[in-house]
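Taking it in order: structure first as structure tokens, then the write-up.
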Amino acid sequence: GQQLNQSPQSMFIQEGEDVSMNCTSSSIFNTWLWYKQDPGEGPVLLIALYKAGELTSNGRLTAQFGITRKDSFLNISASIPSDVGIYFCAAQGYGGSQGNLIFGKGTKLSVKP
Amino acid sequence: SAVISQKPSRDICQRGTSLTIQCQVDSQVTMMFWYRQQPGQSLTLIATANQGSEATYESGFVIDKFPISRPNLTFSTLTVSNLSPEDSSIYLCSVRQGTYEQYFGPGTRLTVT
């Protein structure tokens, strides 16, 4: 079945640092979405990408839809403490059951001790 | 984006009983989904809740265990039947708006003892 490989699995951030994470797959998708989940909450949609090569920003967050349609990355610039949480990539294929979202395993952002 | 509420927000249930989770959306939506998120894991689609017809279940999920109702375009319920400790998870309602953007409720945290 279709799978999304999200990396890194976890990372520590220091305030002010830039953060980068990505998702790859062997399958082609027509939509990539990035979510953030805080403890005890449902995932919140951060950015949606619809076209190969598309680069979209939402404040300090920037995401890109890979040219091959098989990958996407998310960058967070000048991180702040409230960026801590779990970030999930999600992708959607073309129609039928392939039109359902599938999710990566998540990247957990924590504050450097 | 749609505002999604879920009831209950959490529950502790005994083995062998059932729990019904309600999902209410503040606007009419065509596509509603139910997901499961096991502790520390990613999101797995249980089923698509179809208005006026039976839900469409993903592989590994069956109607007898996870009956779903969708009486109108703003409401759905998911029942988790014959509970076992392995059913302890977060259950999330989700709706799709526009072509591809998908939003999540706050989740229902179920613990089975």
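The figures that follow rest on heavy atoms only: side chains count, while hydrogens, waters and symmetry mates do not.
In this structure, the portions of B/Q102 lying under 4.5 Å from any heavy atom of chain A include both its backbone and its side chain. With a threshold of 4.5 angstrom between heavy atoms, B/T56 does not approach chain A through any atom at all. Only the side chain of B/R96 comes within less than 4.5 Å of a heavy atom in chain A; its backbone stays farther off. Residue contact with chain A, scored on non-hydrogen atoms closer than 4.5 Å, involves the side chain of B/L45 exclusively.
For the 3.5 Å distance criterion, the side chains of B/E101 and A/Y50 qualify, holding a donor opposite an acceptor. Under the 3.5 Å distance criterion, with hydrogens and angles disregarded, a donor-acceptor pair is assigned to the side chains of A/Q37 and B/Q37.
Atom CZ of B/R10 is surrounded by 12 or fewer heavy atoms from other residues, nucleotides or ligands within 6.0 Å.
Under a 3.5 Å cut-off, the side chain of A/Q6 and the backbone N or O of A/G106 do form a donor-acceptor pair.
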